[in-house]
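Single-structure report; data block below.
Chain naming here is simple, since letters A, B, ... match the order of the sequence lines and numbering starts at 1 in each.
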There are 2 protein chains.
Amino acid sequence: MCAHILKLRTICYLEKEGICVQTQITNVIDSIDPKNIRIKDIAKKAGVSEGTVDRVLHNRGKVSVKSTEKVRRVLKEINYTPNLIARTLGVNRNYRLVALTPDPNLDPFWQQSFEGIKAGEAQLVQFGIHFNVEYSFYDPTKKETFQKAALEIFHSHPDGVLVAPLFYYASIPFFKELAEAKIPFILFNTHILEAKALSFIGQDLFKSGNLAAELVSIGQPANSTFAVVHINEDLPNSVHLVEKEKGFRDYFVSPGNSHTIKTYVLNNTDIESFQESVTKIFNDTFLAGIFITTSKAYLIAPIVKKINPTIRIVGYDLIKENMDCLNQGSIHFLINQNPMRQAKLGIQALANHLLFKKRIPSLHLFPLEIITPQNVSTYLSHEGNLTGITV
Amino acid sequence: MCAHILKLRTICYLEKEGICVQTQITNVIDSIDPKNIRIKDIAKKAGVSEGTVDRVLHNRGKVSVKSTEKVRRVLKEINYTPNLIARTLGVNRNYRLVALTPDPNLDPFWQQSFEGIKAGEAQLVQFGIHFNVEYSFYDPTKKETFQKAALEIFHSHPDGVLVAPLFYYASIPFFKELAEAKIPFILFNTHILEAKALSFIGQDLFKSGNLAAELVSIGQPANSTFAVVHINEDLPNSVHLVEKEKGFRDYFVSPGNSHTIKTYVLNNTDIESFQESVTKIFNDTFLAGIFITTSKAYLIAPIVKKINPTIRIVGYDLIKENMDCLNQGSIHFLINQNPMRQAKLGIQALANHLLFKKRIPSLHLFPLEIITPQNVSTYLSHEGNLTGITV
DNA sequence: AGATGAATTGTGTGCGCACACATTCTGAAA
DNA sequence: TTTCAGAATGTGTGCGCACACAATTCATCT
């Protein structure tokens with residue numbers, strides 16, 4: 001049979017210089033490959049049956065103290081790691097997941113997150129894993145739609161939930177309910193600390209604002225004025241935007257700082273009056289740079305460029321409209337939140353938790369990706385390659 | 001048995017406004033879940049045995065035209081995707097991979113790539129996949145060590161190879177041999193087009209130089225002078241550096257450009273004379289920015305800062321020394337090549353090819369990640385999270 | 001028609017695990 | 001001693017696939 005495996009690892013390149021070929025030979029004789037210990041092997045080694053080992057491994061009880069000890073000792077000796085693939089094979093129950101996000105039809109940003117969820121689902125299917133993801137969408141401008149959807153999800157008793165909880169106060173009771181019902185849930189995009197979620201996946205928004213400040217001010221003269229602009233948002237209810245602004249302002253609180261920061265909140269209920277007010281604001285004040293806290297930078301960038309093309313604009317996310325502005329030079333930097341990868345990872349994390357019973361990190365912070373006209377294309381071609389084993 | 005699955009997908013949030021709850025109910029009655037078609041199901045539908053379906057699926061021959069037709073028709077009708085997990089279960093053989101890279105002990109950059117390979121291997125082990133990765137290292141400054149290692153690898157007849165081929169001409173014959181012996185190989189970090197590799201994983205180096213030019217010149221006054229610096233490299237033999245410089249210079253070939261570009265090649269055989277020559281060079285010419293084409297920016301950044309702290313420095317990679325310079329303000333931008341993720345993906349790609357028999361893209365270009373003092377920490381915390389299902 | 005060998009087709013097994021179920025072992029009560 | 005729960009332990013099965021091997025069919029020749 002197998003056994004008698006001869007492993008040969010060679011590190012060699014200095015032969016001439018006398019250190020010569022450094023070869024390490026490992027002989028694995030008639031023993032099990034240490035990488036590949038089965039429950040069966042543990043059972044044999046402990047002198048018990050596979051069933052007993054299984055009971056010990058899963059704390060199913062009904063094992064005598066003596067047997068438990070024997071198994072525990074073997075487990076400590078060898079480093080058993082269950083074969084995750086084999087583990088899922090026998091599982092034929094269907095896990096039902098629900099994803100709750102803003103409606104992708106209302107915002108290209110959430111369209112991308114939606115794509116990520118689908119990619120995650122597709123990947124699991126490919127591996128023969130029975131995960132059904134259902135989608136529930138809400139209107140990001142109306143918190144009642146979130147509450148309603150949340151209630152329905154709770155009543156449908158899913159096996160796991162993935163949520164982008166834009167509304168702070170509206171989401172708290174939902175998470176309380178989920179926790180009580182022991183339904184695992186993962187947050188992405190926006191972190192709600194009190195939620196006690198299984199995991200949060202997203203960026204550090206304070207640092208994100210920090211970075212925006214750096215980008216907007218690089219190479220700018222002293223005594224400049226910068227603006228923070230929130231578009232179309234219910235600011236007091238939106239933790240994520242407040243956090244970004246805090247980070248932005250924090251960057252300028254340093255000994256030698258000479259810059260001035262202003263904040264604007266804009267609503268584009270109708271386009272004409274929006275354009276007017278934008279024009280008025282940016283004509284009145286001389287700004288060296290503008291930081292838009294949402295993915296809506298494309299709404300004001302072209303207007304600002306007409307007023308003064310040297311005003312530096314920093315926004316968020318690789319949505320088409322923003323990239324057009326980037327290429328035309330009206331937006332100078334974008335910070336990519338990578339909603340697609342966030343969402344995909346969310347699904348994967350739920351699978352890891354429910355199915356593979358892996359421990360998943362309670363915090364998965366994404367890097368703050370800086371996008372410029374020169375590197376934007378490299379991000380696009382990369383986004384498509386979301387497949388792989390893992391992720 | 002199973003069947004009678006009731007799927008319920010709800011999209012609901014506009015009830016008040018009359019559009020009401022939009023519910024889509026899918027009833028799957030007594031039929032197989034379309035997501036989960038087995039070979040057995042195909043066999044039943046085609047009226048043949050599982051063995052015949054298997055033979056058709058794998059082109060093993062020994063099937064009559066009639067049976068082949070029957071199976072093909074069913075396959076066309078339903079969209080069969082094999083269960084990748086089950087596929088690997090029965091595979092008993094041990095695949096032997098060899099990774100050929102510069103010696104990690106000589107360069108922290110290659111240390112990171114080494115970590116990535118190990119991470120990839122570890123992940124496969126966790127999934128119970130029998131992949132043994134052996135390592136073979138060469139001295140990146142001596143092409144003979146590459147040639148020697150390559151020869152040994154070829155003679156050991158591995159199942160797959162992952163290579164970072166820094167030497168252009170020295171590597172061509174190796175790849176020819178591998179191709180003739182039908183040993184699949186994947187390149188990473190440096191692309192050798194003629195190699196006809198299974199896949200290349202890495203960055204577009206021309207664009208990388210392009211981006212460096214953008215970073216070095218943002219917010220700089222007109223008529224500035226910038227330097228391209230190659231450190232410790234056999235330039236004519238190193239395609240990757242030449243390509244980066246091309247990209248860098250290309251950026252400044254535009255109608256309105258007023259900048260000047262200079263190129264320097266430095267060798268730090270002994271530290272003192274190196275420091276002297278660096279000091280001399282950068283004292284002689286007034287430079288607005290410097291682009292170092294390797295991960296060695298930390299060797300000159302502190303010296304340059306002493307001469308003139310406003311000279312902007314752009315380098316490569318998140319190695320400790322560079323990050324220290326970044327935090328101390330002597331390096332202003334780094335472009336992250338993500339050697340860890342590149343290498344890990346290389347292993348995964350080989351597994352996908354050999355084991356899962358998935359098609360893998362012949363080109364996997366990584367994004368050009370811009371690192372600044374403000375976002376460097378977010379990349380570090382993220383690097384650790386390399387696990388997941390995929391990748 | 002019967003025999004023979006090749007072409008085709010069908011069946012069985014193992015991969016490692018989880019879980020259901022069957023069996024054996026205790027010790028206390030009858 | 002026998003009986004009998006209940007605890008402890010062991011055995012068997014399926015998950016979907018690949019591959020080895022067994023069984024069948026078919027065409028051809030005697």
For this session: Could you please spell out the steps behind the side chain to side chain contact (heavy atoms under 4.5 Å, CB included) verdict for A:Y80 and A:I39?
Result: CA-CA 8 Å; A:Y80 173 68; A:I39 285 182; 3.4 Å; yes

Checking side chain to side chain contact (heavy atoms under 4.5 Å, CB included) for the pair A:S156/A:R96: CA distance, chi angles, key distance, verdict? CA-CA 10 Å; A:S156 78; A:R96 203 173 61 85; 3.0 Å; yes

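The side chain of A:R38 places an N or O atom within less than 4.0 Å of a non-bridging phosphate oxygen (OP1 or OP2) of C:dG16. Considering only side-chain N and O atoms, B:Y80 lies under 4.0 angstrom from the phosphate OP1 or OP2 of D:dC17.
Across all strands, B:S67 comes closer than 4.0 Å only to sugar-phosphate atoms, never to a base (heavy-atom distances). Counting non-hydrogen atoms under 4.0 angstrom, B:N83 reaches the backbone sugars and phosphates but no base.
Residues A:F114 and A:F137 bring their aromatic ring centres within 6.0 Å.
Side-chain contact check for A:S67 and A:R55: no donor-acceptor pair (N or O, by modelled atom type) lies under 3.5 Å.
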Which protein N or O atoms sit under 3.5 Å from an N or O of nucleotides 4-6 of chain D?
none

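The salt bridge (charged side-chain N to carboxylate O under 4.0 Å, His left out) check on A:E77 picks up A:K45, with sequence neighbours excluded.
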In B/S/- notation (B base, S sugar-phosphate only, - none; protein heavy atoms under 4.0 Å), nucleotides 20-27 of chain C written 5' to 3' is --------

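With C:dC17, D:dG16, D:dC17 as the candidates, the nucleotide lying closest to the side chain of B:R87 is D:dC17.
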